[in-house]
A.B. asks: 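If you scroll down you'll find the structure; I have some questions about it.
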Amino acid sequence: MLSWWFLGMVGAVTISKGLARECDKFSDLHFHDSFIGTTLHVRILLYTRVTGQCGQELSHLNFTETPQFNMTHRTTFVIHGYRPTGSPPVWIDEIVQLLLSQEDMNVLVVDWNRGAANLNYFIAVRNTLRTAENITAFIQNMQENGASLSSIHMIGVSLGAHISGFVGANFKGQIGRITALDPAGPQFTGTPPEDRLDSTDAQFVDVLHTDMDALGFREPLGHIDFYANGGADQPGCPRTIFSGKKYFVCDHQRSVFLFLNSLNKTCNITAYPCSSYDDFLDGKCTQCDTFKPAPCPVFGYFISEQKDTILHLNQTKAFFSTTANQPFCKTYYRVDIVPWNQPILSGVLTIKIHNGTDVAEAKINHKYSKFEQYKTTQLLAQFDKSLQRVQKVSLQFSTNNVAGPRYKLRLLRFQLSSPEHPDRLCRYDIILEDNVEVSFKPIPCETSGF
């Protein structure tokens with residue numbers, strides 16, 4: 001492990017047959033190139049544990065010139081999307097090194113910057129098919145040299161996701177896996193499957209949606225489709241055009257950073273199969289019943305370990321929420337409340353959990369929750385950090401009623417349970433005054449009741 005990392009740090013040159021040579025780098029163009037338009041030219045850069053961060057441009061015809069390209073190893077293609085400014089993707093170096101840290105594989109970065117860099121997005125879209133033809137011919141040569149289609153993994157970002165789909169279709173779905181990171185929506189939404197990525201393009205297709213209301217694709221495209229924060233607005237991304245370029249790219253680009261996080265193994269982002277994001281936020285989908293006896297799907301690079309369960313379900317939509325910053329993970333608790341009030345009350349519930357040294361807070365405000373007498377209200381509390389051994393719980397109920405009367409919410413029972421742990425914490429007979437925080441020590445739930 002240290003040997004390939006050290007060579008990667010050298011970065012400027014690599015040693016081949018005793019001779020030093022310069023590394024081949026991703027095309028670094030400028031806005032001027034994008035403004036006048038670029039002609040498509042596809043380059044494929046090889047990275048291995050031997051070459052580290054030093055890319056080697058491969059000949060499409062003669063692989064024997066590059067002995068580091070081992071056909072018996074797994075091969076992962078990384079395919080970028082539209083590049084309106086012509087600059088290299090900021091995440092290229094990181095994804096290469098993180099992939100190589102997983103196993104001794106061939107990482108092939110497809111550089112079609114000359115063709116993707118164009119102020120005219122429609123020209124870049126037209127170039128996706130030609131780029132796919134180029135990659136298809138390259139893989140055919142790989143096959144002739146002993147490579148297996150099932151050992152190929154294609155990671156496509158935005159337009160790169162559809163390029164991956166076109167390549168997969170050319171091989172009649174025999175490519176091992178396609179990971180699509182926020183597939184492009186404009187010019188692809190509403191098109192038939194043969195004109196975009198779809199689940200038949202590989203043996204396993206996993207998709208992440210992060211900007212479906214703008215640059216991304218809304219509908220499911222794979223065997224499993226993950227919707228981060230509902231698939232649209234991402235935490236921490238600007239909401240006004242006055243933020244400049246970040247306003248346009250932040251939600252779309254978040255898909256890549258979430259995938260990188262899964263490679264980092266800092267924490268696992270658990271997703272929950274569900275029919276809608278609203279149902280997920282209401283805590284209706286935290287049991288992963290459809291995945292039994294397998295655990296809930298874990299988003300990212302390692303989802304392939306759950307491939308058999310996912311393929312058995314035919315098509316799955318799964319939802320998860322994140323924080324604004326890395327490592328992005330949230331901790332979920334399902335909340336079950338049985339009110340005692342005669343009138344139906346609506347409001348926002350804020351929950352704090354304490355372990356004696358730290359506090360985590362969750363505000364359930366995606367909509368006004370309705371609390372009806374003797375009827376269990378189910379909610380999902382999302383905390384930005386995980387606390388072990390919860391010792392105290394604080395609740396605050398708010399109707400946001402400024403001028404009207406101050407209501408009281410009477411709870412017959414309150415239950416807090418984690419989808420990842422069997423313990424259930426309860427409290428009985430609680431009175432919550434409007435905008436007044438109440439703290440208590442929870443107790444184990446009774447076996448009867450919930």
Side-chain angles (χ1 to χ4, degrees), residues 161 179-183 185 199 204-237 250-252 254-259 261-262 267-292 294-307 309-324 326-336 362-367 369 377-384 386 417-420:
T179 296
L181 303 180
D182 209 38
S199 61
F204 182 59
V205 180
D206 55 301
V207 184
L208 172 62
H209 303 262
T210 58
D211 193 25
M212 66 183 190
D213 57 348
L215 302 180
F217 201 97
R218 178 177 294 272
E219 300 303 320
L221 293 170
H223 295 106
I224 184 167
D225 284 68
F226 294 95
Y227 289 81
N229 303 292
D233 299 331
Q234 301 303 309
C237 288
C250 184
D251 293 330
H252 197 42
R254 182 63 60 84
S255 63
V256 179
F257 296 122
L258 289 174
F259 187 77
N261 186 73
S262 75
C267 65
N268 291 330
I269 296 181
T270 301
Y272 297 91
C274 207
S275 59
S276 71
Y277 190 48
D278 278 343
D279 282 352
F280 164 73
L281 293 177
D282 285 340
K284 296 179 180 179
C285 307
T286 58
Q287 302 304 308
C288 291
D289 294 332
T290 55
F291 266 69
K292 289 181 178 178
C296 296
V298 176
F299 162 74
Y301 181 76
F302 299 100
I303 187 61
S304 58
E305 297 174 2
Q306 298 172 283
K307 178 179 70 173
T309 300
I310 294 168
L311 292 177
H312 177 72
L313 296 173
N314 192 26
Q315 207 292 320
T316 300
K317 292 171 66 175
F319 297 86
F320 62 85
S321 298
T322 71
T323 62
Q326 292 182 329
F328 298 114
C329 295
K330 283 195 171 184
T331 298
Y332 304 107
Y333 280 86
R334 197 182 82 178
V335 180
D336 292 276
K363 180 172 287 189
I364 305 174
N365 60 355
H366 72 283
K367 65 180 182 180
S369 301
T377 299
Q378 202 171 79
L379 304 167
L380 186 69
Q382 304 178 55
F383 297 93
D384 287 355
S386 176
S417 57
S418 169
E420 300 175 3

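Numbers here are sequence positions counted from 1. Bear in mind the structure is a predicted one, so any value in this text is a computation, not a measurement.
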A.B. asks: Is the shortest side-chain heavy-atom distance between D233 and D251 below 4.5 Å?
C.D. replies: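 A side-chain contact under 4.5 Å exists here.
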
A.B. asks: Would you say that T270 contacts F299 through its side chain, given a criterion of any heavy-atom pair below 4.5 Å between the two side chains?
C.D. replies: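 They are not in contact (no side-chain heavy atoms under 4.5 Å apart), so the answer is no.
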
A.B. asks: Tell me whether T210 contacts the main-chain N or O of G231 through its side chain, where contact means a donor paired with an acceptor under 3.5 Å.
C.D. replies: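 Not a single qualifying donor-acceptor pair exists.
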
A.B. asks: Which atom names give the shortest non-hydrogen contact between C329 and N268, and what distance separates them?
C.D. replies: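 Heavy-atom minimum between the residues: SG-O, 3.6 Å.
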
A.B. asks: Taking side-chain hydrogen bond (donor to acceptor under 3.5 Å, both in side chains) as the definition, give me every residue that meets it alongside N229, ordered by chain and number, with sequence neighbours left out.
C.D. replies: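 For N229 the side-chain hydrogen bond (donor to acceptor under 3.5 Å, both in side chains) partners, ignoring immediate neighbours, are Q234, T322.
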
A.B. asks: With side chain to side chain contact (heavy atoms under 4.5 Å, CB included) as the criterion, how do I224 and V207 come out once you've worked through the C-alpha distance, each side chain's angles and the decisive distance to 0.1 Å?
C.D. replies: CA-CA 6 Å; I224 184 167; V207 184; over 6 Å; no

A.B. asks: When rounded to the nearest 0.5 angstrom, what is the spacing between CD1 in I303 and NE2 in H223?
C.D. replies: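 So the gap between those two atoms works out to 12.5 Å.
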
A.B. asks: Determine whether the aromatic ring centres of Y272 and F320 lie less than 6.0 Å apart.
C.D. replies: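 No, the ring of Y272 stays outside the 6.0 Å limit from the ring of F320, centre to centre.
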
A.B. asks: Measure the NZ-CZ distance between K330 and F383 for me, rounded to the nearest 0.5 Å.
C.D. replies: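 Going from the NZ atom of K330 to the CZ atom of F383 covers 10.5 Å.
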
A.B. asks: Angle between ring planes, F259 versus Y301, binned at 30° and 60°: parallel, tilted or perpendicular?
C.D. replies: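 The arrangement is perpendicular - the two ring planes meet at more than 60°.
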
A.B. asks: Without swapping roles, check the side chain of D225 against the backbone of L221 for a donor-acceptor pair under 3.5 Å.
C.D. replies: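 Yes, D225 side chain to L221 backbone: donor-acceptor pair under 3.5 Å.
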
A.B. asks: Keeping the roles fixed (side chain from D336, backbone from Q378), state whether a donor-acceptor pair exists under 3.5 Å.
C.D. replies: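 Side chain of D336 to backbone of Q378: no pair is present.
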
A.B. asks: Checking S276 side chain against D279 main chain: does a donor-acceptor pair fall under 3.5 Å?
C.D. replies: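 Present.
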
A.B. asks: With no hydrogens and no angle check, is any side-chain donor or acceptor of Q306 less than 3.5 Å from a backbone partner on C296?
C.D. replies: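 Yes, the answer is positive, given that a donor and an acceptor are paired below the 3.5 Å cut-off.
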
A.B. asks: Determine whether a donor-acceptor pair (N or O, by modelled atom type, separation under 3.5 Å) exists between the side chain of H209 and the backbone of A228.
C.D. replies: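 No; judged by distance alone, with no hydrogens or angles, the pair does not exist.
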
A.B. asks: If you measure from OG on S199 to CD on Q315, what distance do you get to the nearest 0.5 Å?
C.D. replies: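 So the OG of S199 and the CD of Q315 are separated by 7.5 Å.
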
A.B. asks: Taking the six-membered ring where the residue is Trp, are the ring centres of Y277 and Y227 under 6.0 Å apart?
C.D. replies: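 When the ring centroids of Y277 and Y227 are compared, they turn out to be at least 6.0 Å apart.
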
A.B. asks: Under 6.0 Å between the ring centres of F280 and Y332?
C.D. replies: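 Yes; Y332 has its ring centre under 6.0 Å from that of F280.
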
A.B. asks: Measure across Q326 and F257 and return the closest heavy-atom pair with its distance rounded to 0.1 Å.
C.D. replies: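 Closest heavy-atom pair between Q326 and F257: NE2-O, 4.4 Å.
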
A.B. asks: Does anything in residues 206-217 form a salt bridge (Lys or Arg N to Asp or Glu O under 4.0 Å)? List the pairs, not counting sequence neighbours.
C.D. replies: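 The answer is R177-D206.
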
A.B. asks: Return yes if some donor-acceptor pair links the side-chain N/O of R254 with the main-chain N/O of P235 below 3.5 Å, else return no.
C.D. replies: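 It does hold such a pair.
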
A.B. asks: Should P273 and P297 count as side-chain neighbours, where that means a heavy-atom distance under 4.5 Å?
C.D. replies: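 Counting from C-beta outward, P273 and P297 do come under 4.5 Å.
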
A.B. asks: How long is the gap from OG1 on T323 to CD on Q382, to the nearest 0.5 Å?
C.D. replies: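 Those atoms lie 11.0 Å apart.
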
